[in-house]
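Below is one structure, written out as structure tokens; the observations come after it.
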Amino acid sequence: MYPLTTISEIGRHESKDVRLEGWLYNLRESGKLLFPIFRDGSGVIQGVVAKNAVRPEVFETIKNLTQESSVKIEGRVRADKRAPGGYELDVSGVEVLHRVAESDPFPISLKEHGVDFLMEHRHLWVRSPRQAAILRVRAQIIKAARDFFDERGFTLTDPPILTPAACEGTTTLFPVDYFDEQAYLTQSGQLYIEATAMSLGKVYSFGPTFRAEKSKTRRHLTEFWMVEPELAFATLDDIMNLAEGLIAFIVARCLEHRRADLTTIGRDLSALEQITPPFPRITYDQAVKMLEDGHARGVLETKFVWGGDLGSPDETYLSTQFTKPVMIHRYPAQVKAFYMEPDPVRSELALCVDMLAPEGYGEIIGGSQRVASYELLQQRIKEHGLPEEAFKWYLDLRKYGSVPHGGFGMGIERVVGWICGLEHVRETIPFPRTLHRLYP
RNA sequence: UCCUCAGUAGCUCAAUGGCAGAGCAUCCGGCUGUUAACCGGAGGGUUGUAGGUUCGAGUCCUACCUGAGGAGCCA
């Protein structure tokens with residue numbers, strides 16, 4: 001029996017006979033020549049079957065194969081300049097594991113499809129080369145983020161997914177019946193990793209997050225994944241340096257390990273190659289000036305007034321003004337979460353930062369230095385109308401050796417969407433959950 | 001919750017208020033280098049649902065259903 005290999009490794013077997021296990025991606029034929037294209041999860045390769053070069057049953061079997069039928073293939077690897085991957089396979093043998101019935105063909109053809117149809121068939125759509133490439137980039141981004149923190153002395157601490165109350169009290173949560181008690185799916189692990197940061201110093205969490213907001217945009221999922229680092233003895237500058245380092249590290253890793261996939265997806269690599277530190281940092285005040293300028297030039301419809309949060313068109317505008325991710329820091333405290341530390345110089349500002357990805361992708365990171373004072377935090381909880389009882393444990397963290405600390409959250413799907421250059425985050429996760437989609 | 005748009009063959013889309021069509025997919029035939037292959041042929045329809053206007057509705061009107069894009073909110 002010939003050695004088993006994968007399509008991505010097939011170059012090592014040039015001029016040798018090998019076996020492959022995979023699926024038929026497409027079949028072209030030209031009289032007595034067949035061009036079956038196989039995929040095996042690692043890549044795609046074209047086979048060549050000449051009628052006068054193989055046993056009749058091999059030719060007939062491949063001629064009658066249907067799209068996505070599963071097969072074991074034998075053949076000789078041949079370098080060919082015409083092949084996109086550099087190699088072709090001169091097929092000598094085939095074993096059909098499962099032949100797709102022509103009465104019920106694979107629904108996703110090589111032609112164009114609509115969003116609704118593709119989402120309804122997401123379980124099959126993930127087989128397409130482009131979607132597989134995106135999922136490989138996603139995996140690389142996650143690995144890079146974890147390596148980044150692991151290599152810098154952070155400890156992974158997983159916060160609970162079932163929580164008793166809102167973390168921030170702003171967004172809508174998914175309620176869950178917890179043995180006749182009201183529980184919610186977590187919207188952030190931050191409050192919990194503030195606790196573990198006081199134990200381990202530098203921690204991070206990586207897990208799913210749930211928001212029941214009725215958002216219908218290219219940037220929103222109801223279930224998404226976040227990486228959240230939290231550092232004891234950290235200031236806003238430390239947070240911004242860490243965020244900058246993380247994003248630069250992730251982009252470099254993708255360019256190093258997933259270049260072929262990014263090319264498959266059609267990403268402009270030169271835009272990613274510019275993503276090196278330092279990233280521009282501007283204050284909220286400076287951002288407001290830029291927005292006023294944008295309005296004066298007629299690019300932005302509505303005039304921005306100091307004191308409000310940045311709207312979606314505002315963020316898009318700002319992010320198109322830079323070729324690197326831009327960090328906007330020190331927003332008015334009134335539009336930000338209750339746990340953010342006020343700026344000691346101007347107490348009406350919060351020590352917070354949002355990082356906006358370039359090319360109009362918008363917010364990918366949101367972070368802040370946290371309130372360290374027990375009295376101030378208690379006051380903020382009251383001001384925001386939050387139930388103090390639910391935050392008793394959180395207040396405890398300021399009672400026993402409180403220190404300046406902070407962290408940020410990075411939305412995995414938005415980073416994947418930006419790095420891959422996608423139109424919508426629904427393609428960045430194997431099975432997206434959106435406002436109107438719970439299937440498959 | 002609000003605004004905008006869409007729903008016709010398995011898929012992607014056409015069709016001035018006047019016979020419901022094309023490409024792809026499937027099936028049959030042709031082609032020894034095809035690249036979303038190409039060429040010839042065949043089958044395939046309750047035009048999202050309900051009502052209304054009209055001699056006549058895929059097309060116009062009303063309501064509803066489903067989905068998409070955006071706002072707000074957020075990562």
Side-chain angles (χ1 to χ4, degrees), chain A residues 25-37 44 46-53 59 64 66-68 78 80-85 88 90 100-121 128-130 167-173 187-190 208-228 243 301-302 308-316 335-337 354-357 361-367 408-418 423-426 428-429 434-437:
Chain A
Y25 174 64
N26 191 24
L27 176 65
R28 285 185 282 261
E29 58 173 298
S30 177
K32 295 173 181 63
L33 263 188
L34 304 177
F35 299 99
I37 299 177
V44 170
Q46 174 166 281
V48 182
V49 192
K51 191 166 189 176
N52 61 12
F59 188 87
N64 289 316
T66 42
Q67 193 191 354
E68 286 303 312
R78 176 171 43 76
D80 194 309
K81 281 179 188 164
R82 291 167 292 190
E88 289 190 341
D90 288 321
V100 175
E102 55 270 280
S103 59
D104 191 6
F106 190 70
I108 300 176
S109 70
L110 274 57
K111 295 276 181 176
E112 213 175 300
H113 295 287
V115 169
D116 190 42
F117 179 82
L118 289 170
M119 292 304 292
E120 200 69 15
H121 295 85
S128 75
R130 179 183 161 86
C167 288
E168 303 182 14
T170 52
T171 54
T172 323
L173 306 182
Q187 61 163 315
S188 166
Q190 181 207 311
T209 304
F210 307 88
R211 306 264 166 103
E213 290 151 3
K214 299 201 169 178
S215 300
K216 284 166 57 90
T217 80
R218 73 187 66 203
R219 294 181 295 276
H220 288 89
L221 298 171
T222 55
E223 177 183 312
F224 63 97
W225 289 66
M226 268 208 295
V227 168
E228 296 177 279
E301 277 186 35
T302 49
D309 203 357
L310 300 181
S312 200
D314 304 320
E315 284 190 0
T316 303
V335 299
K336 288 293 179 179
D354 282 355
M355 187 192 288
L356 309 184
Y361 277 91
E363 186 174 354
I364 52 173
I365 280 177
F408 62 82
M410 181 187 87
I412 293 291
E413 288 73 19
R414 287 189 180 174
V415 172
V416 177
W418 162 53
E423 285 293 310
H424 200 296
V425 290
R426 67 181 153 232
T428 64
I429 186 168
T434 59
L435 183 53
H436 295 295
R437 194 161 297 282

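So you know, we letter chains A, B, ... as the sequences are listed, proteins then strands, and number each from 1. Just so it is clear, the values below take in all heavy atoms, side chains as well, and ignore hydrogens, waters and symmetry mates.
Not a single donor-acceptor contact under 3.5 angstrom links the side-chain atoms of A:K216 to the base of B:rA71. Residue side chain A:S215 reaches the base of B:rC73 through a donor-acceptor N/O pair under 3.5 Å, judged by distance alone. For B:rC74, the base has a donor-acceptor partner in the side chain of A:R414 [N/O atoms by modelled type, under 3.5 angstrom]. Side-chain to base pairing of A:E120 with B:rG67: no donor and acceptor N or O lie closer than 3.5 Å to each other.
Contact annotation: A:R211 does not reach the phosphate of B:rG72 (side-chain N/O to OP1 or OP2, under 4.0 Å). Distances shown here put a side-chain N or O of A:R426 below 4.0 Å from the OP1 or OP2 atom of B:rG69. OP1 and OP2 of B:rC11 both lie 4.0 Å or more from every side-chain N or O belonging to A:S109. Not one side-chain nitrogen or oxygen of A:H113 sits closer than 4.0 Å to the OP1 or OP2 atom of B:rC11.
Across all strands shown, A:I108 has no heavy atoms under 4.0 Å from either base or sugar-phosphate atoms. Nucleic acid contact for A:K214: base, since at least one base atom lies under 4.0 Å from a heavy atom of the residue. Across all strands shown, A:D354 has no heavy atoms under 4.0 Å from either base or sugar-phosphate atoms. In this structure, A:R78 reaches the bases: a heavy-atom distance under 4.0 Å links it to at least one base atom across the strands shown. In this structure, A:H424 reaches the sugar-phosphate backbone alone: every heavy-atom distance under 4.0 Å involves primed, P, OP1 or OP2 atoms, never a base. As judged by a 4.0 angstrom heavy-atom cut-off over every strand, A:G362 is placed among residues making no nucleic acid contact. Residue A:E228 is out of contact with every strand shown, counting any heavy-atom pair closer than 4.0 Å.
Here A:F35 does not pack flat against the base of B:rG33, since the 5.5 angstrom centre distance and 30 degree tilt limits are not both met.
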Kindly determine whether A:V48 and A:R78 satisfy side chain to side chain contact (heavy atoms under 4.5 Å, CB included), including the steps that lead there.
CA-CA 10 Å; A:V48 182; A:R78 176 171 43 76; 3.8 Å; yes
Test A:R437 against A:E120 for salt bridge (charged side-chain N to carboxylate O under 4.0 Å, His left out), laying out the working first.
CA-CA 9 Å; A:R437 194 161 297 282; A:E120 200 69 15; 2.8 Å; yes
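Under the Watson-Crick or G-U wobble criterion, with both distances below 3.5 Å, B:rG17 is left unpaired in every strand shown. Pair assignment for B:rC74 gives none, since no Watson-Crick or G-U wobble pairing has each distance under 3.5 Å. Pair check for B:rA68 finds B:rU4; Watson-Crick or G-U wobble, both atom distances under 3.5 Å. Checking B:rG23 for Watson-Crick or G-U wobble geometry (two distances, each under 3.5 Å) identifies B:rC11 as its partner. Here B:rA36 sits opposite no nucleotide as a Watson-Crick or G-U wobble pair (both hydrogen-bonding atom distances under 3.5 Å).
Rounded to whole Å, the separation between the C1' atoms of B:rG58 and B:rC2 comes to 30 Å. If you take atom P in B:rC64 and the same atom in B:rU12, they sit 27 Å apart, rounded to whole Å. Taking atom P in both B:rG48 and B:rA6, the straight-line distance is 13 Å, to the nearest Å. For the C1' atoms, the distance from B:rA22 to B:rA71 is 39 Å, rounded to whole Å. Using C1' as the reference atom, B:rG23 and B:rC39 are 15 Å apart when rounded to the nearest Å. When the P atom is used for both B:rG72 and B:rC13, the distance is 29 Å, rounded to whole Å. B:rU8 sits 14 Å from B:rA57 when the C1' atoms are compared, rounded to a whole Å. Going from the P atom of B:rU16 to that of B:rC60 covers 10 Å, rounded to whole Å.
Listed nucleotides B:rC73, B:rA25, B:rU32 differ in distance to A:K32; the shortest reach to its side chain belongs to B:rU32. Comparing B:rC73, B:rG33, B:rA68 against the side chain of A:H436 picks out B:rA68 as the nearest. When distances run from any side-chain atom of A:D309 to the nucleotides B:rA36, B:rC74, B:rG69, the shortest one goes to B:rC74. Residue A:E102 places its side chain closer to B:rC27 than to any other of B:rG33, B:rC27, B:rC74. Side-chain atoms of A:E363 lie closest to B:rA75 of the nucleotides B:rC73, B:rA25, B:rA75. You'll find that the side chain of A:P313 is closest to B:rA71, out of B:rU32, B:rC73, B:rA71. Comparing B:rC73, B:rG33, B:rG70 against the side chain of A:Q46 picks out B:rG33 as the nearest. The side chain of A:S30 lies closest to B:rC31, out of B:rU1, B:rC31, B:rA75. The side chain of A:R437 lies closest to B:rG67 when the candidates are B:rG72, B:rG67, B:rC31. If you check B:rC24, B:rC31, B:rA71 against the side chain of A:K111, the one that comes closest is B:rC24.
Position along RNA chain B of the nearest nucleotide to A:H220 versus A:N26 favours A:N26 as the more 5'-ward residue. The residue among A:I412 and A:G311 whose nearest nucleotide of RNA chain B lies closer to the 5′ end is A:G311.
Rounded to whole angstrom, the span from the CG atom of A:D116 across to the P atom of B:rC65 amounts to 17 Å. Between A:L110 atom CG and B:rG10 atom P there is a gap of 20 Å when expressed in whole angstrom units. Note: CG (A:D104) to P (B:rG10) measures 12 Å, nearest angstrom. Here B:rC38 presents its P atom at 17 Å from CG of A:L33, a figure rounded to the nearest Å. Note: CD (A:Q187) to P (B:rC73) measures 15 Å, nearest angstrom. The distance from atom CD of A:E29 to atom P of B:rA36 is 17 Å, rounded to the nearest whole Å. Atom-to-atom, CG of A:L173 to P of B:rC74 comes out at 13 Å; the value is rounded to the nearest Å. Between the CG atom of A:L27 and the P atom of B:rC38 there is a distance of 13 Å, rounded to whole Å.
Counting only heavy atoms from C-beta outward, the side chains of A:H424 and A:E413 never approach each other to under 4.5 Å. Side-chain contact between A:Q67 and A:L110 is present, with at least one heavy-atom pair separated by less than 4.5 Å. The shortest side-chain heavy-atom distance between A:K216 and A:H436 falls under the 4.5 Å cut-off. Proximity of A:T222 to A:R211: side-chain heavy atoms (C-beta onward) are nowhere separated by under 4.5 Å. No side-chain heavy atom of A:E363 sits under 4.5 Å from any side-chain heavy atom of A:L310. Counting heavy atoms from C-beta outward, A:W225 and A:I429 have side chains that approach closer than 4.5 Å.
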Got a list of side-chain donor-acceptor pairs under 3.5 Å for residues 25-37 of chain A, not counting sequence neighbours?
{"residue": "A:R28", "atom": "NH2", "partner": "A:Q46", "partner atom": "OE1", "Å": "3.3"}
{"residue": "A:E29", "atom": "OE1", "partner": "A:K63", "partner atom": "NZ", "Å": "3.0"}

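Taking the six-membered ring where the residue is Trp, A:H113 and A:F117 present parallel rings, their angle staying beneath 30° rather than reaching 60°.
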